[in-house]
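Reading through the structure tokens given below for one structure.
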Number of protein chains: 2
Amino acid sequence: MNQSDQKSEAILDAALPVFVRHGFRKTSMTDIARAAGMSRAALYLSFSSKEELFRAGSARAHARAMRKVEAALAGDGDVFSRIEMAIAAFQRELIAPFAGSGDAAELFETNMALSRDVTLAARAELVALLAQALTNALATGAITLDALHATPVDVAAIIIAAMEGIKDAQVAGHDLLEDTRLFLRLLRKALSR
Amino acid sequence: MNQSDQKSEAILDAALPVFVRHGFRKTSMTDIARAAGMSRAALYLSFSSKEELFRAGSARAHARAMRKVEAALAGDGDVFSRIEMAIAAFQRELIAPFAGSGDAAELFETNMALSRDVTLAARAELVALLAQALTNALATGAITLDALHATPVDVAAIIIAAMEGIKDAQVAGHDLLEDTRLFLRLLRKALSR
DNA sequence: AGACGGTTAGACATTGATTGTCCATCTGTC
DNA sequence: GACAGATGGACAATCAATGTCTAACCGTCT
């Protein structure tokens, strides 16, 4: 990692809590520069706009999240617990940091407006990874999809769709972890032979 | 309390957490109107400016605080515990609500800029009330000021000054309650015969 | 029904803040 | 001394917020 990347990382580290505190719109480049301990001019040396800075932060968070997800799926335990770990990792990296923010909804919205590509790509990769794990489990007979008339990809897509719905409900006051665990119990039951 | 006052009260109740969350500058009348569940136009029917709204909130908080302070000083216990209760009440009403805000310093600053009169009047009244309590305690022989060469008013003023300093330190990361209690132990020791 | 007070969304000019750019200047390193 | 990077300040352009106003709306009263 070169010096310029290190600086960018430090800026993103400093910017995250500011965005969490005030949301995207109410966060100014002056705020971020102050939090990063540099001048506004120096900030523009690393990121040419507030939008680009946000996109970089989103991209980094998604990349991190996917690394954690891959590690979780490569871990120990049965399919279900590995999927649970993977989803927990995904949420920990991409949702939990904003859970406490009064502007969580605005931030997710901004993310979809500015980083739609990265976000959708990560979601697609997550589906693919879960589908792969399910396919493996199917091959070893650990699960069955007979009663569901569905492919592993279908099931993986449903899991992610449910996660999205639970995320949105959380913005409206629901408990992310609790709802997630309930859904995974449901999943375990549905896929058991 | 007439209908218009009730509305104003509701607005101030709604506005407080918004100010706490975003500070004075980053809070817009639109934010407050939304929090109060009304249109911006209706908000201006009750308060003719953001500054006036803030002043009204400050005035209400100070009035409330002084009522609690008077009640505390009229309560049971020795002078010290009554003073402790009074100061605790003052802090609970006027400082604690902002303790969690990242913009606490800006809010206190804004308060001094917009509501200096009310703030100083409340502080002066607090000094007078404490001085009165000390004078009574002096008359009953519960405390002595001989070694201090000071009047009750002097001592009351020092107490308030210390409270102010402790408040500012709290903004810088200190613990308000802990520091306050330490100071009051110190006071008890210094005034005992 | 009509008059009424209170509310609303929206438009509006004005002011103020933010953005992104630029430059002269400074600082530490080679 | 040359160099790269950082700084504060200035800048025009854009955007947001303030405070004001109006036409329309709604429930209440008569």
Side-chain angles (χ1 to χ4, degrees), chain A residues 1-58 101-103 105-107 109-111 113-115, chain B residues 1-58 101-103 105-107 109-111 113-115:
Chain A
M1 176 147 61
N2 66 41
Q3 221 158 341
S4 158
D5 284 347
Q6 264 182 298
K7 182 135 307 199
S8 297
E9 292 289 311
I11 290 170
L12 295 181
D13 288 339
L16 178 58
V18 185
F19 281 131
V20 167
R21 182 156 213 84
H22 290 118
F24 180 78
R25 209 181 54 84
K26 289 206 180 211
T27 295
S28 71
M29 290 298 262
T30 303
D31 292 335
I32 296 173
R34 191 185 311 128
M38 64 178 61
S39 67
R40 210 164 58 88
L43 189 53
Y44 275 97
L45 291 181
S46 293
F47 299 99
S48 65
S49 76
K50 183 169 139 185
E51 300 199 349
E52 189 195 310
L53 190 156
F54 186 94
R55 275 195 299 270
S58 179
S101 171
D103 303 281
E106 186 234 10
L107 286 166
E109 208 176 315
T110 302
N111 180 63
L114 302 183
S115 306
Chain B
M1 176 148 63
N2 66 42
Q3 220 157 342
S4 158
D5 283 348
Q6 264 182 300
K7 182 134 305 198
S8 297
E9 292 289 310
I11 291 170
L12 296 181
D13 288 339
L16 178 59
V18 184
F19 280 132
V20 167
R21 180 155 215 86
H22 294 298
F24 181 77
R25 209 181 54 86
K26 289 207 180 210
T27 295
S28 70
M29 291 299 262
T30 302
D31 293 334
I32 297 172
R34 191 184 313 129
M38 64 179 58
S39 67
R40 212 164 57 87
L43 190 52
Y44 276 96
L45 291 180
S46 292
F47 298 99
S48 66
S49 77
K50 185 169 136 185
E51 301 200 348
E52 188 195 309
L53 189 155
F54 186 93
R55 274 195 299 270
S58 180
S101 172
D103 303 281
E106 186 233 10
L107 287 165
E109 208 175 316
T110 301
N111 179 64
L114 301 183
S115 306

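Throughout, a chain's letter reflects where its sequence line sits, starting with A, and its residues are numbered from 1.
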- line: Distance col, row A:Ser49:OG vs A:Met29:CE, nearest 0.5 angstrom, shows 6.5 Å

Check nucleotides 15-19 of chain D for protein N or O atoms closer than 3.5 Å to its own N or O atoms and list the pairs.
residue : atom : partner : partner atom : Å
D:dA16  : O3'  : A:Arg25 : NH1          : 3.4
D:dA17  : OP1  : A:Arg25 : NH1          : 3.2
D:dA17  : OP1  : A:Arg25 : NH2          : 3.4
D:dT18  : OP1  : B:Met29 : N            : 3.4
D:dT18  : OP2  : B:Met29 : N            : 2.9
D:dG19  : OP2  : B:Tyr44 : OH           : 2.9
D:dG19  : OP2  : B:Lys50 : N            : 3.2
D:dG19  : N7   : B:Arg40 : NH1          : 2.9
D:dG19  : O6   : B:Arg40 : NH2          : 2.8

task: Send over the distance from B:Met38 CE to D:dC26 C1', rounded to a whole Å.
output: 16 Å

- prompt: Within this structure, what is the CZ-to-P distance between A:Arg34 and D:dG8, rounded to whole angstrom?
  reply: 12 Å

- request: Determine, for nucleotides 25-30 of chain C in 5'-to-3' order, which nucleotides have protein heavy atoms under 4.0 Å from the base (write B), from only the sugar-phosphate (write S), or from neither (write -).
  value: ------

field: Evaluation steps, side chain to side chain contact (heavy atoms under 4.5 Å, CB included), between A:Arg25 and A:Thr110
entry: CA-CA 9 Å; A:Arg25 209 181 54 84; A:Thr110 302; over 6 Å; no

message: I need the CZ-P distance between B:Phe47 and D:dT20, as an integer number of Å.
response: 15 Å

- prompt: Could you give the CD-to-P distance, from B:Glu106 to C:dA17, as a whole number of Å?
  reply: 12 Å

field: Phosphate-side-chain proximity, B:Lys7 and C:dG6, N/O vs OP1/OP2 below 4.0 Å
entry: no

query: Of the non-hydrogen atoms in A:Thr27 and A:Lys50, which two are nearest, and what is the gap between them?
result: O-NZ, 2.6 Å

query: Of all residues at least two apart in sequence or in a different chain, which pass the ring-ring contact (aromatic ring centres under 6.0 Å, His included) check with A:Tyr44?
result: none

message: Run the side chain to side chain contact (heavy atoms under 4.5 Å, CB included) test on A:Ile11 and A:Met38 for me, step by step, so that the C-alpha distance in whole Å, both residues' side-chain angles and the decisive distance to 0.1 Å come before the verdict.
response: CA-CA 9 Å; A:Ile11 290 170; A:Met38 64 178 61; 3.7 Å; yes

query: Would you find a donor on one side and an acceptor on the other, under 3.5 Å apart, between the side chain of A:Ser58 and the backbone of A:Phe54?
result: no

- prompt: Between B:Ile32 and B:Phe19, does a side chain to side chain contact (heavy atoms under 4.5 Å, CB included) hold up when you go through it step by step?
  reply: CA-CA 9 Å; B:Ile32 297 172; B:Phe19 280 132; 3.7 Å; yes

message: Quick one: does any side-chain atom of B:Lys7 pair with a main-chain N or O of B:Ser46 as donor and acceptor, under 3.5 Å?
response: no

